[in-house]
Amino acid sequence: MTHVLLVRLAAPLQSWGAVSRFSHRDTHSRPTKSAVIGLCASALGRDRTDPVDDLAGLVFGVRADHPGTPVRDYHSVGAGKFPLRPRDLITDHRRAAAVAKSMEAADGPSFGHHELAGWYGAPKKIAADPVSGTLVSGELSRTALITERWYLSDAAFVVGLQHEDRALLEEIAYALEHPKQLLWLGRKSCPPSGTLAAEILPGTVAEAFAAKRLLPGPNGPDTSGRRPWAWLQAAPGARGASPVNDQPVSFDPAHRVHATRWETRMRVTIAPTATEWDIIP
């Protein structure tokens, strides 16, 4: 008999990257299996190089109770002038040497002078501005790199993790509420809010989704009777299924691997006997 652990993923911001590059960080419309398995692995205290075969074997599904609103965050990286912290000089001998050399060239105070705190410099490639004498980036003509990052605002999802081994699901549920590492919803700037692990129900992911009411949204409980969309992992080549390249194989930074899995999309009809959520903020 199979069991399903329901996981609540809600926060002011979430971001589930699918195809991201440095200058453009996108977000998928819903949590990916790879990201959720990584979340569980972090909660369990596993290193990125540790195997995740047991977690990857979980049957995955996600229900979009509140899909959220896509928002774009504008970023600029580099250029400009930044305060040179005393800690930077203490912990980085190369930076300290660069500052000392730059100030000597600019006829400024010697290294260790009490007026050093009033000087400014860039974290890297420190040099003195020949006009003002202020410490700036070594490349005075360097322009900022423009990036954009996308998030889902006020979204709430329910993830179902299905397995025959209830003990494994109980271990994951405990770890999500007592994580050994910090957890976030896609990016480090997106910590989860409230309870993550809900209850463990017998049956399949589809049955578990129907047995639980919609999560409260930003405006409170949803009593509209909506039928939310859900995406359920399916057997390879199943009728109506589509391939998705987010089946985790290895999170090792030196050899990160994802494989293809299959999923179907369906509307979920919430059962009249569905139970409410017990959420601790």
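Counting begins at 1 with the first residue of the sequence.
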What's the spacing between Arg267 CZ and Arg265 CZ if we round to 0.5 Å?
7.5 Å
Nearest 0.5 Å, what's the CH2-CG distance between Trp16 and Leu9?
5.0 Å
Taking C-beta and beyond as the side chain, do Pro191 and Leu183 meet within less than 4.5 Å on heavy atoms?
no
Closest non-hydrogen atoms of Arg226 and Leu214, given as atom of the first, atom of the second and distance, are NH2-CD1, 3.6 Å
Answer yes or no: is there a side-chain heavy-atom contact under 4.5 Å between Leu201 and Leu5?
no
Only residue of Asp65, Val36, Leu152 satisfying side chain to side chain contact (heavy atoms under 4.5 Å, CB included) with Phe157 is Leu152
Check the side chains of His258 and Ser34 for a donor-acceptor pair under 3.5 angstrom, ignoring hydrogens and angles.
yes
Of all heavy-atom pairs linking His3 and Leu169, the shortest is O-CD1, 3.4 Å
So, taking the atom named OG in Ser250 and the one named CZ in Arg48, what distance separates them when rounded to the nearest 0.5 Å?
10.5 Å
The side chain to side chain contact (heavy atoms under 4.5 Å, CB included) partner of Val159 among Val62, Leu58, Leu6 is Val62
Which atom pair, heavy atoms only, marks the closest approach of Thr269 to Ala210?
O-CB, 3.6 Å
Got a second to check how far Ile200's CD1 is from His163's NE2, nearest 0.5 Å?
12.5 Å
Interatomic distance, Tyr151 atom OH to Cys190 atom SG [nearest 0.5 angstrom]
5.5 Å
Honestly, is Arg213 close enough over Trp277, meaning NZ or CZ under 6.0 Å from the six-membered ring centre and within 45° of the axis?
no
Could you tell me the separation between the OG1 atom of Thr147 and the CG atom of Asp73, rounded to the nearest 0.5 Å?
8.0 Å
Does the salt bridge (charged side-chain N to carboxylate O under 4.0 Å, His left out) test come out yes or no for Asp54 and Arg46, once each step is laid out?
CA-CA 12 Å; Asp54 55 340; Arg46 299 190 186 182; 2.7 Å; yes
Show, in sequence, the C-alpha distance, side-chain angles and deciding distance for Arg261 and Glu263, and conclude whether the salt bridge (charged side-chain N to carboxylate O under 4.0 Å, His left out) test is met.
CA-CA 7 Å; Arg261 65 180 181 90; Glu263 69 176 14; 3.3 Å; yes
For the pair Trp231 and Trp229, name the ring-plane relationship: parallel under 30°, tilted 30 to 60°, perpendicular over 60°.
tilted
Please step through side chain to side chain donor-acceptor pair (under 3.5 Å) for the pair Thr49 and Asp47, ending with a clear verdict.
CA-CA 5 Å; Thr49 58; Asp47 190 81; 2.7 Å; yes
Is the number of heavy atoms from other residues, nucleotides or ligands under 6.0 Å of Asp278 CG greater than 12?
no
Leu44 to Ala175 - nearest heavy-atom pair and separation
CD2-CB, 3.5 Å
Other residues, nucleotides, ligands: >12 heavy atoms within 6.0 Å of Arg227 CZ:
yes
Closest contact, heavy atoms only, Pro179 versus Leu176:
CD-O, 3.8 Å
